[in-house]
Protein chains: 2
Amino acid sequence: MAEKVTIATVARHARVSRQTVSNVLNSPHIVRQETRQRVEDAINALGYRANQAARQMRTGRSRLIAARIDPTRDGINGSVLDRFLHGLTETADAAGYRVLLYTATDDDREIATYGDLLGTYELDAFVLVGTKYGDPRTEWLADRDVPFVTFGRPWDALDAHPWVDVDGAAGTAQATRRLLEAGHRRIAFLGWPVGSGVGDDRRAGWRDALRAAGVDPTGLHRETEDGIAEGERLMRDLLVTVAPSAVVCASDSLALGALQAIRGVDPPVSVIGFDDTPVAAAVGLTSVSQPLGEAAARCVDLLTGVLDGAHETPTPVLLQPSLALRHTA
Amino acid sequence: MAEKVTIATVARHARVSRQTVSNVLNSPHIVRQETRQRVEDAINALGYRANQAARQMRTGRSRLIAARIDPTRDGINGSVLDRFLHGLTETADAAGYRVLLYTATDDDREIATYGDLLGTYELDAFVLVGTKYGDPRTEWLADRDVPFVTFGRPWDALDAHPWVDVDGAAGTAQATRRLLEAGHRRIAFLGWPVGSGVGDDRRAGWRDALRAAGVDPTGLHRETEDGIAEGERLMRDLLVTVAPSAVVCASDSLALGALQAIRGVDPPVSVIGFDDTPVAAAVGLTSVSQPLGEAAARCVDLLTGVLDGAHETPTPVLLQPSLALRHTA
DNA sequence: TCCAGAAACTTGAACGATCCAATCCTGCCT
DNA sequence: AGGCAGGATTGGATCGTTCAAGTTTCTGGA
């Protein structure tokens, strides 16, 4: 392989000092146009690339962002993370950052990993996907002034740290309104137990949309842990007790269960899921779709804002989901 | 925040020189037990972590492995990559490496990215998922002696470079044998156009298993691009022309299409898919399951083998898939 | 023409780890 | 007691970049 090209090689080739080359790269405006051109030509001719390790040593910044990759849980929601990570990588790249993966089995280990990543790699920032009430991870990071963004609101204190989220309530409300417009009145909701921020939010969207249309939502909802079997069980219960003509679900897993429960029921019950997962696309399930690429991009925006300048806490971003229409509603 | 802990801090604390600390970290065997213990205690007490940038500058090695994250293609196969990446991150971590993500829209850009990653981050190795005949990427990497492993065989030259793969033929053969044991004779195959290594391999497994059982596979297979709609179309064709009692598919997408085509057909046609994606689990589709975590682990093994020592090209690894039994077969 | 001040560029030092070569012990043998 | 071999330890140089301070060149006004 060719000789290693360093800043000194470029300097020699352009007949300037190392520092001038460095200035061309980092503060071009203080270099005379003619000199700058000469240096840039040399950089291109030699194929020079600034060595990140050396730069990092001096500046203390790695231009690396960490993101966690989960073991695919129930499998269905896996692809959400997948798409988000792709968007993150793409946008971060454009902003001059790279994405480093890590995993952890529980919060304690995850925090230990933070320490490791910060200590050995001097990571610039973290992106956390999903947070819960009183999340120890965000607390740890905030205590140490480590820049981070969460994809998912901090439900207990909306101004605790920068975040990007998708308006779940708006999504379920939109789904509900669509069903109302189609003439449905008895629109049920299948969701998660009270207490999870995301779940409560999605249920609220459905409830408020019904109320706005003058329909009383009382008794029309059921709660359970996520899962296809659970969804099927609760949907059967709903069919017997309140006989809804349509149902909005907090996830595609629940919606899939609901679909199985209503098989053969006539007239057909409309079903709308949440997350627009591949499964939904595969079975033709109408589902609320999150703009994941956009969410990832905004996460990077917030981070670069914090990293490259402004000390003020950036404004949180709340994105609007859309409805992926298929044939179940 | 606390004072930065460097190797000098540890040395002072343990009353030894920097070099001794370095030796404890890199060649523990040459340090006297008692001294080593004292240094290790100091490391723990101070929470010291070797700065990777400084280490990298001297050694030229980053302990970073690059992996590509694709835009989720048809969505269904996304989770395969997801699970593989998770496994990769986990195993690499255990081996002291970290996984860096990159994306690219085509081969040229991907190769440009290699140059960038190698130049600026001095990446130690690449993991490529899926290769095609005469892949320009592997060629580029091999030309420059950049260590890399592919998950997927180099179909044109099996000893071209280290690889890990799952025996697709064994998977379809196993699926076929299961159907044979269940009494099926007219077992069709839904696959991809001739010319893709993976597709041809999977078809061969089905064909050979049929022949071994004395069944003539002629006319029992159909080829198409991947996709649910395509699968449905071809399955309808098969039903009309050869009326199979079971079908083995090259992917879950095709299998899903097949499932839709056979809805209402009596007696029910058995279907087996490939990849054991979340969709398969969701709809109860029996599917060939690839040991993705294991595959990722072996990729890391091969890489660390190349990176940490032996100059000889390591032996490729061919893993056996298993059958995830559900209610479609 | 001369000089102050700004702009442009150059030089030396530092970041934190590892490698190399030289020195210091320590115990052992004669 | 002296010498020696061997392992353990030390100091200095180095990786490629940026920062801080120093030097030269340019510009414009008196």
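Throughout, protein chains are lettered first and strands after them, A, B, ... in sequence-line order, and every chain is numbered starting at 1.
Each of A/Q19 and B/N23 was matched to the nucleotide of DNA chain D holding its nearest heavy atom; the match closer to the 5' end belongs to B/N23.
When heavy atoms are screened at a 4.0 angstrom cut-off, A/T59 is found touching the sugar-phosphate backbone but no base atom. Among the protein residues, A/T20 comes within range of the nucleic acid bases, having at least one heavy atom under 4.0 Å from a base atom. Across all strands, B/A53 comes closer than 4.0 Å to no nucleic acid atom at all (heavy-atom distances).
Rounded to an integer number of Å, the gap from CD of A/Q56 to P of C/dA17 is 12 Å. We find that CD of A/Q33 is positioned 11 Å from P of C/dC9, with the value rounded to whole Å. Taking atom NE2 on B/H29 and atom C1' on D/dG7, their separation rounds to 12 Å, with Å as the unit. B/K4 has its NZ atom 9 Å from the P atom of C/dA17, to the nearest Å. One can place CZ of B/R61 at 18 Å from P of C/dA17, the figure rounded to the nearest angstrom. One interatomic measurement links the two molecules: OH of A/Y48 to P of D/dG16, which rounds to 10 Å at whole-angstrom precision. As rounded to whole Å, 12 Å separates atom C1' of C/dA8 from atom CZ of A/R38. Nucleotide D/dT17 holds its P atom 15 Å from the CZ atom of A/R63, rounded to whole Å.
One donor-acceptor pair, N or O on each side, does fall under 3.5 Å between the base of D/dG12 and the side chain of B/R18.
The closest donor-acceptor contact from the side chain of B/S27 to the backbone of B/H29 lies at 3.5 Å or more, if one exists at all.
Nearest heavy-atom pair, A/I111 versus A/P136, reported as atom, atom and distance to 0.1 Å: CD1-O, 3.8 Å. The two residues A/W163 and A/L158 make their nearest non-hydrogen contact at NE1-O, 2.8 Å.
Proximity of A/R32 to the phosphate of C/dC9: a side-chain N or O atom is located under 4.0 Å from OP1 or OP2. Look at B/S22 and you won't find any side-chain N or O under 4.0 angstrom from OP1 or OP2 of C/dA17.
Aromatic ring orientation, B/W140 versus B/Y114: tilted (interplanar angle from 30° to 60°).
Under the 3.5 Å distance criterion, with hydrogens and angles disregarded, no donor-acceptor pair is assigned to the side chains of B/E40 and B/N44.
For B/M57, taking side-chain heavy atoms from C-beta onward, the closest of the listed nucleotides D/dT9, C/dG16, C/dA17 is C/dG16. Here the nucleotide nearest the side chain of A/R58, chosen from C/dA14, C/dT10, D/dG16, is C/dA14. Out of D/dT10, D/dT18, C/dA17, the shortest distance to the side chain of B/R55 is found at C/dA17. Among the nucleotides C/dA17, D/dG16, D/dT17, the one closest to any side-chain atom of B/T6 is C/dA17.
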